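Remarks on the structure that follows.
What's counted below: heavy atoms across the whole structure, side chains too, no hydrogens, waters or symmetry copies. In this text the structure is predicted, and so the values were computed from the model without any measurement. Numbered from 1 within each chain, the chains take letters A, B, ... in sequence-line order.
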Amino acid sequence: MELNNSLPFSDLQFFYFIGAAVLFMFIGKLTIGKKVKYKWLLALLNVLYITLLFTKPLEILIMITALYLVVLALKKWYTSNNIVFPMLALALPVFVMKSMVFFPEENQSDLVYELKRIIQIAGLSYMVFKVIGLYIDERKSKEFLSFLSFFNFTAFVPTLLIGPLDRFRRFDADVNKGYVQMNASFFSKGWGNLILGLLYKFIIAEAIYRAVMVNLVDDGSVFYHFAYMYTYLLFLFFDFAGYSLLAIGFGNFIGIDVPINFDQPFLAVNPKEFWKKWHKSLGDWLGDYFFKPIFKDLTSRKVFTSITRQNIALFLTFTLMGFWNGFELHYIVSGMLFGCYSVGHNYYVYRCKKGKKDVFFGKLGPKTVRYLSIFIMFNLTAFAIYIFSGKLF
Amino acid sequence: MNKSKMIRNTVIYFLLFVGYLFLYVVKFEVIMDPNTEMEATSNVKFVYQQF
């Protein structure tokens, strides 16, 4: 068995680890539960995974420690209300990691190679997003942020790689409940999520890939591109939603109520609702830590009308999301496209309120409007995700 | 357990079983074309690996 080569939910070895981890936590609860607090046992579990199975154990431990020290330093010495500098400081490792795309492997120097080796840690973007959220929420708190709480939050195995993006307060409250949530009800909930996640990711997404995607012949026709667009959307949904369910299920097994990430996104009637249903934890995160601060900043400068400020903040938020996915053009354009959808919808709502009538659907009935909205949103999403896939450029 | 939940669970476990059988045990590609050479592991990539 090859150690230090197993990312969460990527191979059978990790599923053996889930079984061993659940046993470890329950045996710990029953034997030493009265003497050893839950948070210590959880930390031990996270350390065991990182040191035994994670691809870059030393690098990730150093990164977590460095991020913790930066958060402590910012909390202590940075007193300004402006959060741009701390956000940039904390996002620096991700910025460096994403910039590596500009250094192709064939022409890179030894320094770039070494930097790549150190900084390209799986799950780093998610970790940094979690830490930025933590800093913004806790920057004015007088409570001391312990390394143990920080470590458990950032290194929590089920959500280590690609979320769902949790919030520190919510997560820490779960941890502080101790072993209480390691019960039959949580176990049953976890089992349901795990089984559905397996079905989504390893059966449906796999079947879509093997039975449809690999058999699509790129003859350059419009039909091919349309077929690829819809197939890729379904594949991405089942793969990612399945992964999220597996992470939630594993979290439930060991007593953590990991937030949901997907909630029938193809029934969304507008972009705002879509981001409450598709990668929900990221949508909420972007709303709280990108959109609101940008809008607040524009408002404090008293520039533009309210609707223009909202639209600028929306567009910038989704453009930043595009950059976060990667510095490749298709990610950035896809983010900007989602930004355009949100701006368009926001302006439509504004015009409807102002004119006291539906300026797009006119006098169509509410049911018809709903079905048409779902249809339009589904196709707009499919197009933006198609751009995201990198198939077009 | 109510009826709708029971039906839902039955469908999920049935699809899991049938899917596992066709995708990982007998491999449907081989049934459709016996000359197909199968890889030992899944073809599904982490499409969100860049995250």
Nearest 0.5 Å, what's the CG-OH distance between A/Leu198 and B/Tyr13?
-> 9.5 Å

Test item: B/Tyr24 and A/Ile203 side chains (from C-beta on) under 4.5 Å apart, heavy atoms | yes

Are any of the side-chain heavy atoms of A/Ile195 and B/Ile12 separated by less than 4.5 Å?
-> yes

Inspect the surroundings of [atom1] in [X] and state if more than 12 heavy atoms from other residues, nucleotides or ligands are less than 6.0 Å away.
{"X": "B/Tyr20", "atom1": "OH", "answer": "no"}
{"X": "A/Phe393", "atom1": "CZ", "answer": "yes"}
{"X": "A/Phe323", "atom1": "CZ", "answer": "no"}
{"X": "B/Phe22", "atom1": "CZ", "answer": "no"}

For the residue pair A/Arg210 and B/Leu23, what are the closest heavy atoms and their distance?
-> NH2-O, 2.7 Å

For the pair A/Asn215 and B/Glu29, evaluate side chain to side chain contact (heavy atoms under 4.5 Å, CB included) and give the outcome as yes or no after the intermediate values.
-> CA-CA 11 Å; A/Asn215 293 318; B/Glu29 293 97 332; over 6 Å; no

